[in-house]
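The structure under discussion appears below in the form of structure tokens.
The model shown is predicted, which means the values in this text are computed figures rather than measured ones. So that the names make sense, note that chain A is the first sequence line, chain B the second, and so on, each numbered from 1. Heavy atoms only: backbone and side chains are in, while hydrogens, waters and symmetry mates are out.
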There are 4 protein chains.
Amino acid sequence: MALKVGIYGGSGYAGAELVRLLSGHPKVSVMEVASRGYAGQDIRSVYPHLAVEGEYAGPDGIDASSLDVAFVAYGHGESAETVRDLLSAGVGLVVDLSADFRLPDADLYGEWYGEHPVPELLAEVHYGLPEVFGAAKGRIVANPGCYPTAAILALAPVVKQMGAGIRSVTINALSGVSGAGAKPSVKTHFVSANENANAYGAPRHRHTPEIEAMLRRVEGGAGTPEITFVPHLIPITRGELETIVVDAEEIPDAEEVLGWYAEDYAGWAFVEAREEYPHIAHVANTNRCRLSAAVDRRAGKLLLFSAVDNLLKGASGAAVQNMNLALGFGEDLGLEHLK
Amino acid sequence: MALKVGIYGGSGYAGAELVRLLSGHPKVSVMEVASRGYAGQDIRSVYPHLAVEGEYAGPDGIDASSLDVAFVAYGHGESAETVRDLLSAGVGLVVDLSADFRLPDADLYGEWYGEHPVPELLAEVHYGLPEVFGAAKGRIVANPGCYPTAAILALAPVVKQMGAGIRSVTINALSGVSGAGAKPSVKTHFVSANENANAYGAPRHRHTPEIEAMLRRVEGGAGTPEITFVPHLIPITRGELETIVVDAEEIPDAEEVLGWYAEDYAGWAFVEAREEYPHIAHVANTNRCRLSAAVDRRAGKLLLFSAVDNLLKGASGAAVQNMNLALGFGEDLGLEHLK
Amino acid sequence: MALKVGIYGGSGYAGAELVRLLSGHPKVSVMEVASRGYAGQDIRSVYPHLAVEGEYAGPDGIDASSLDVAFVAYGHGESAETVRDLLSAGVGLVVDLSADFRLPDADLYGEWYGEHPVPELLAEVHYGLPEVFGAAKGRIVANPGCYPTAAILALAPVVKQMGAGIRSVTINALSGVSGAGAKPSVKTHFVSANENANAYGAPRHRHTPEIEAMLRRVEGGAGTPEITFVPHLIPITRGELETIVVDAEEIPDAEEVLGWYAEDYAGWAFVEAREEYPHIAHVANTNRCRLSAAVDRRAGKLLLFSAVDNLLKGASGAAVQNMNLALGFGEDLGLEHLK
Amino acid sequence: MALKVGIYGGSGYAGAELVRLLSGHPKVSVMEVASRGYAGQDIRSVYPHLAVEGEYAGPDGIDASSLDVAFVAYGHGESAETVRDLLSAGVGLVVDLSADFRLPDADLYGEWYGEHPVPELLAEVHYGLPEVFGAAKGRIVANPGCYPTAAILALAPVVKQMGAGIRSVTINALSGVSGAGAKPSVKTHFVSANENANAYGAPRHRHTPEIEAMLRRVEGGAGTPEITFVPHLIPITRGELETIVVDAEEIPDAEEVLGWYAEDYAGWAFVEAREEYPHIAHVANTNRCRLSAAVDRRAGKLLLFSAVDNLLKGASGAAVQNMNLALGFGEDLGLEHLK
């Protein structure tokens, strides 16, 4: 199989990672890259670290009808209509990296993002966290948010086992600055972000309902309570670490939780639980998620730890993994060096 | 008044900050600096950024009987006997930056650190967080831990108002690498710490009982529950940020909490609450603590934010502030540029 | 003396440092701060680390006729006319932090920057590097560029002694990102600058003619050759380090060069030569310049090293020092903690 | 071909990179890793980012006679005898990453490092910079130093063309902290290295004679003058950038120099010259060398720029590339994702 793939939004950080990964993917024979802001410019003039030839097309500069797979890496609200148009043009598989298809229904979407542009498509979306929800299928894969990826991988096995006993969940997250996007701003200026750290977005960060909704889909998770989610910006380029505090009637031992992880993620290439608390440096520049658990017996709390690279397992690495699974390849095809 | 001060442990980071601050303090006429590891070496050969002349003395190289004030910046367990000897030699005021005198009784100390070397002195210790417990008095000031400083300043007014209604407290803390001390190790190697972040020490970090014990001394705080405290190392040189999640029967509005802070800290130079969440960069290289509050109504939680520079308000700046108050000076004498 | 000072361009990094320094200066009783982009906004909403009250005025919102001293921190080409207007309004002393008055004549300015807006004022400018050219006098002080400050302090004593024997001078400079200014851009985005370093601006960086022109004013320096100047951006917030390679007929010993420095800078508070090579961390957050020298006998070259904080000795600290000297105060008034 | 490889010194940074690269190399079937300091410890307990199973062997714990290829990543002076013993045991190819076999004769080695441990082997060493000196051959490959790699790739084509016309060469180098090795020390402590930069080792850094000796081997390079080499430490994890200033009778245009590079490096996968000055971020985490050139006509100097990742093209990536070439594989086998 020789795939022709298109990347929409190829000049953002997630887009640039897609370019890097797909240009080395053994099944991809043609890759076209569109950018609204950089159309006509050499890709390497924008990202000189990429070893690719060619220019950015404008969004309409790609013949969509010729594509086997399309990746859309626009911002939320800007992506849904492009996805619809790509499907109309006959693209067989669209992996959407925006938030537009992550929430299960238009009402919830409306509450957090505004009116959904194409609600009629929501019913056929597959939420692309394969280690929890299985291999992607259908035409639309909603690539999970970076924070939800780390959170759901840590919490799904716990929710499955502890279910209704869970009284509250608090997620404290740390993110590198690439998570704030490529657009220059005061907060992403080196002088602002360096030697600094701060909470932001809390208590209404838009990844909160995504985490809640997906945990409620897990077996036994219907009663998952509202989650307190507090993200922080820290001065690193890439990577995320979540420290999750679970309050429950009965707190299991840490070893037991590590056992749940081992069982649920057996056979999956990129998720691994270890006794050692995960460091961001253990997962940066890889497609891994690393998990751990500990118990605070004095205060009666379960602590979970989860780390991912926000641009790989939290975005573009997962997107390629989703494509692989949807097309029946091994999940790590073209990602072997990121295990 | 022309003070003669001695610094014991002057080659660690807290000690070097004491040297810097006290060499510019208008009431200090003589400063002697001891170091166990660097005795006989020029201070500036160890810390070339310090604009001081002179050598490190050995610990016995200072005539303690001539000192008005001594600062002891040794590790826990190593400090208490030096403090006892300094008092015996007639030093009028000892500010101890170790953990040796921070816990209220020898039993609790024993549980977390081991047998207390000089339990007979514990009764006369003043815990040096003046904005909560008043100006230092007596001969021994226990300078608070860096994490407890940020935590207690954020929590004391809340405990005072919400008291028994508090069901649980979770503290998520971020610290710069200077908090790990000056001794080279794998974890403090630039290549280990840079582009990284990780939880450590949880769920039994030794600052936990200090926070609990001191909150239980606050009016209405006797029933403060056991606290979950999870510190993280982040790649910055100095500064700490705590995000504190309080679960309680009734959650007040954020404005009300900001009002408690404004009232309790009125007239104190270094503690300030603002609507904007504190950034570490707002307090780094200052003696400030900056506070804020928010409410997560969906999940029913109160969020508190607190930032300090671990080497200043979290250590040496507070130590000088404590000396100032104990001797009847303005709290900010010699610290005006750190407000 | 109770001074009324005005700061124009108070929302850039140099402006914010001026606000910080002048708000603690003992002779300043009134400080007004103007910003073109942030007029009407609370200063602390833009720079929350500043402990000042008040709003930015618009550029015309300050009654210039009431000012004793004005600081202008605009970009080159934007500053000269403001300086002229301030003088016309009767301001007694204007310290200009732009490049507009640093070059000695309008022709040279034209070659590197374009037509000079107010060439008639050039004759009365004092170039404000007091350790080389003496205390500021007259109405206009041109505050030196950050790179020229480090370069001229290292080279002036050498030029004085070695004069016509110097065959070539190459300056390799490293600068923190604050040197690129507060305006967000791709190059100052944290993700671009972090874990990176690159040469830029060479071989025609505009600080080159400033260094050459000022060295040619030094006794014996008339024949100073054209200089190769290559600046690099490195991922730190503040500070600059220059490594200068001098090729000459006869290369003195390093000790001799250190002796020239000691002699020329005796009595000045902020410039010091030491055997140890200067680190940026030795001068960051201070108004210092630290110098050193070494000799490569194999290749026959003299190496000079010079470090400053680009926002302090390289900009706002020097500006306050220049004001102090122009008004007859001690050079370190209000800057004592930056020595 | 299924290779059995051994890594000696597998717990340093270069060793850990070798483990990472060789564990994904398609021709390597067995990999044994020795460490003097960590023998018996799980490799992943030391480097949790490595996705390998197994323990470090002691240096004698590997049956050398079974190895096809050995990599030795010890410090200088510690490597040569191990290399000799491996050859005696019948290992067909030894790639030595130390300095022990980089200098062409024992006298020069003695001048900079001390007496050579096994001078009799020097005659059969191949200096492993294939883009300049061709594919590795024989039993011993001396893997070039990181600084010499960047320097010689930039200078060899220039020396070939400009030869005797070159009057002087000054190399200003910037290096990430991984270049200082994995051993914790004051200078590699995060707090020392962060927000800092400093020159070190000049004017007698031991990479200087390596650069000179190898350039003198280049056609036309016999008269290459002594070089001034000034390395600096900057706060990044990996990567090196060299800015090289060449003084010569006649200075060519930059385009001409870029043409020499294009011609000399045509067909090589990892070396590329571009008009844009190289950034460290363009080569970090790759096996690339990126080059550029500019001319300072005012001062009459040629400027060359060269960037590599010190742990990949400057060490372990080059070592695998050398193995590939020595065994007749494509130079990029197992390194495809590092192009």
Side-chain angles (χ1 to χ4, degrees), chain A residues 167-176 187 191-204 208-209 212 225-230 232-241 243 245 247 254 276-282 284-285 292 294-303 305 307, chain B residues 167-176 187 191-204 208-209 212 225-230 232-243 245 247 254 276-282 284-285 292 294-301 303 305 307:
Chain A
R167 283 194 292 240
S168 82
V169 176
T170 297
I171 302 174
N172 190 90
L174 310 180
S175 172
K187 80 178 170 193
V191 171
S192 306
N194 186 42
E195 292 298 288
N196 197 9
N198 61 284
Y200 73 94
R204 276 189 67 86
T208 314
E212 292 168 0
E226 275 68 33
I227 286 173
T228 296
F229 174 60
V230 189
H232 300 74
L233 196 68
I234 63 168
I236 63 173
T237 289
R238 47 164 76 205
E240 283 177 2
L241 175 65
T243 293
V245 180
D247 188 13
E276 186 184 11
Y277 295 174
H279 291 215
I280 283 180
H282 300 171
N285 293 303
S292 194
V295 170
D296 181 357
R297 281 275 164 235
R298 295 175 70 253
K301 299 281 192 300
L302 172 63
L303 309 182
F305 304 95
Chain B
R167 284 194 291 239
S168 82
V169 176
T170 298
I171 302 175
N172 192 90
L174 311 179
S175 173
K187 79 178 171 191
V191 171
S192 307
N194 187 42
E195 292 299 289
N196 196 10
N198 61 285
Y200 73 94
R204 277 189 66 85
T208 314
E212 293 169 359
E226 276 68 34
I227 286 173
T228 297
F229 175 60
V230 189
H232 300 73
L233 197 66
I234 62 169
I236 62 173
T237 290
R238 46 163 78 203
E240 283 177 2
L241 176 65
E242 297 185 4
T243 293
V245 179
D247 187 13
E276 186 184 11
Y277 295 174
H279 291 215
I280 283 179
H282 299 171
N285 293 303
S292 193
V295 170
D296 181 356
R297 282 275 164 233
R298 294 175 72 253
K301 297 285 192 300
L303 309 181
F305 304 95

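- For a residue to count as touching a neighbouring chain, one of its non-hydrogen atoms must lie under 4.5 Å from one of that chain's; by this rule A:P235 touches chain B with backbone and side chain alike.
- Here the side chains of A:R298 and B:E212 are in contact, with some heavy-atom distance below 4.5 Å.
- Annotation: maximal heavy-atom pairing with chain B below 4.5 Å, among A:E226, A:R297, A:H279, occurs at A:H279.
- In this structure, the side chains of A:S168 and B:K301 come closer than 4.5 Å at one or more pairs of heavy atoms.
- Contact of B:A284 with chain A is not made at all, since no heavy-atom distance falls under 4.5 Å.
- Applying the side chain to side chain contact (heavy atoms under 4.5 Å, CB included) criterion to B:A281, with sequence neighbours excluded, gives A:N196.
- Across all non-hydrogen atoms, the minimal contact from B:Y277 to A:A202 is OH-O, 2.7 Å.
- Heavy atoms closer than 4.5 Å to chain A are found in the backbone of B:I227, but not in its side chain.
- How far CG of A:N172 is from NE2 of B:H232: 6.0 Å, rounded to the nearest 0.5 Å.
- For A:T228, the parts lying near chain B are the backbone and the side chain together; criterion is any non-hydrogen pair under 4.5 Å.
- Annotation: side chain to side chain contact (heavy atoms under 4.5 Å, CB included) contacts of A:P209 (sequence neighbours excluded): A:L103, A:L108, A:W112.
- For chain A, the option among B:D296, B:L303, B:V295, B:V230 with the highest count of heavy-atom pairs below 4.5 Å is B:D296.
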Discussion item. Please evaluate residues B:I280 and A:E195 with respect to the criterion side-chain contact (heavy atoms from CB on, under 4.5 Å), reporting the C-alpha separation (whole Å), side-chain torsions for both, the decisive distance (0.1 Å), and the verdict.
Written reply: CA-CA 8 Å; B:I280 283 179; A:E195 292 298 288; over 6 Å; no
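- When heavy atoms are compared at a cutoff of 4.5 Å, A:T208 approaches chain B solely by way of its side chain, counted from C-beta outward.
- Scanning all heavy atoms of the two residues, the minimum distance from A:T243 to B:A199 falls at OG1-CB, 4.4 Å.
- To the nearest 0.5 angstrom, B:D247 atom CG is 9.0 Å from A:R167 atom CZ.
- Residue with the most contacts toward chain A among B:L233, B:L241, B:N194: B:L241 (heavy-atom pairs, distance under 4.5 Å).
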